[in-house]
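First up is the structure itself, then whatever we jot down about it.
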Amino acid sequence: AAHFRQAPTAEPAVNAVMEAIARAIGGGFELQRGKCVVELRPAGHDKGDALRSFMARAPFLGRLPLAIGDDLTDEKMFEAANELGGSSVRIGVDRRATAARGSIASPSDLRAWLGLVAA
């Protein structure tokens with residue numbers, strides 16, 4: 001994934017580089033665009049598939065996932081976490097529809113919450 005959130009004017013250059021990488025590695029991969037990000041992923045697969053794969057193997061087998069994300073590219077992961085009996089949290093306050101079961105306002109709020117949970 002190539003993020004350009006801190007440099008939004010770099011979007012055309014990031015897109016060009018990621019498109020060149022996708023062409024160079026050939027078929028079997030595709031680009032997915034999100035909020036200030038371009039991801040290269042195996043064709044026909046998404047973050048939900050990746051989460052299901054992790055959760056089917058040690059050391060994750062038998063555990064419940066917690067999926068946290070802030071982008072459209074995370075929605076399939078939220079769906080998978082929910083289906084597997086876990087939890088899903090979207091970071092941000094936008095009003096778009098989401099599969100996430102919870103939300104938290106900002107990355108700093110997430111870090112504070114994780115600090116409380118880990119204590």
Side-chain angles (χ1 to χ4, degrees):
H3 293 260
F4 49 91
R5 192 168 291 159
Q6 297 295 320
T9 59
E11 181 177 7
V14 170
N15 282 328
V17 167
M18 293 298 282
E19 289 166 2
I21 291 169
R23 282 191 304 276
I25 62 176
F29 287 86
E30 60 191 19
L31 293 176
Q32 180 173 336
R33 289 171 172 81
K35 182 173 60 178
C36 297
V37 63
V38 181
E39 298 178 355
L40 183 64
R41 62 182 170 99
H45 296 281
D46 54 43
K47 290 180 182 180
D49 297 325
L51 180 61
R52 286 184 192 88
S53 180
F54 278 118
M55 299 308 296
R57 296 177 173 82
F60 306 106
L61 188 62
R63 296 182 181 187
L64 298 176
L66 170 59
I68 301 171
D70 69 347
D71 203 303
L72 179 62
T73 63
D74 299 316
E75 289 297 327
K76 295 293 185 183
M77 176 182 64
F78 296 154
E79 292 171 10
N82 297 341
E83 291 166 10
L84 294 168
S87 298
S88 52
V89 178
R90 183 176 69 184
I91 302 170
V93 293
D94 61 41
R95 300 229 187 274
R96 71 176 160 80
T98 182
R101 292 186 173 155
S103 65
I104 196 159
S106 67
S108 60
D109 288 344
L110 175 65
R111 285 189 295 276
W113 179 76
L114 288 173
L116 291 172
V117 172

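Computed from a prediction, not measured in an experiment: that's the story for all the values here. We use all heavy atoms of the structure for the numbers below, so side chains are in, but hydrogens, waters and symmetry mates are not.
- When side chains are defined from C-beta on, Asp46 counts as touching Arg41, because their heavy atoms get closer than 4.5 Å.
- Linking Ile, Leu, Val, Met, Phe, Trp and Tyr residues whenever their side-chain heavy atoms come within less than 4.5 Å leaves Leu64 and Leu66 in two separate clusters.
- In this structure, the side chain of Asp70 does not engage the main chain of Ile91 through any donor-acceptor pair within 3.5 Å.
- The minimum heavy-atom distance between Ala2 and Met18, with the atom names listed, is CB-SD, 3.9 Å.
- Atom-to-atom distance recorded for Asn15:CG and Phe4:CZ is 6.0 Å, nearest 0.5 angstrom.
- Ala100 approaches Glu75 most closely through the heavy-atom pair N-OE1, 4.3 Å.
- The closest donor-acceptor contact from the side chain of Arg5 to the backbone of Lys35 lies under 3.5 Å.
- Val37 and Leu72 end up in different hydrophobic clusters when Ile, Leu, Val, Met, Phe, Trp and Tyr side chains are linked at under 4.5 Å.
- Distance CZ/Phe29 to NE2/His45: 9.5 Å, rounded to 0.5 Å.
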Could you list the donor-acceptor pairs under 3.5 angstrom formed by side chains in residues 105-119, with sequence neighbours left out?
unit_1 : atom_1 : unit_2 : atom_2 : d
Ser106 : OG     : Ser108 : OG     : 3.0
Ser106 : OG     : Asp109 : N      : 3.1
Ser106 : OG     : Asp109 : OD2    : 3.4

Show the atom names and distances, to 0.1 Å, of all donor-acceptor pairs under 3.5 Å that link a side chain in residues 76-83 to residues at least two apart or in another chain.
unit_1 : atom_1 : unit_2 : atom_2 : d
Asn82  : OD1    : Ser88  : OG     : 2.7
Asn82  : ND2    : Phe78  : O      : 3.2
Asn82  : ND2    : Ala99  : O      : 2.8
Glu83  : OE1    : Arg52  : NH2    : 2.7

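- The shortest distance between side-chain heavy atoms of Ile104 and Ile68 does not fall below 4.5 Å.
- Judged as a side-chain hydrogen bond (donor to acceptor under 3.5 Å, both in side chains), and not counting sequence neighbours, Glu11 has no contacts.
- If you chain together hydrophobic residues whose side chains sit under 4.5 Å apart, Leu61 and Leu51 never meet in one group.
- Rounded to the nearest 0.5 angstrom, Asp94 CG and Asp71 CG are separated by 9.5 Å.
- When every heavy atom of Leu31 is checked against every heavy atom of Glu19, the shortest pair comes out as CD1-CG, 3.5 Å.
- No side-chain donor-acceptor contact under 3.5 Å links Gln32 and Thr73.
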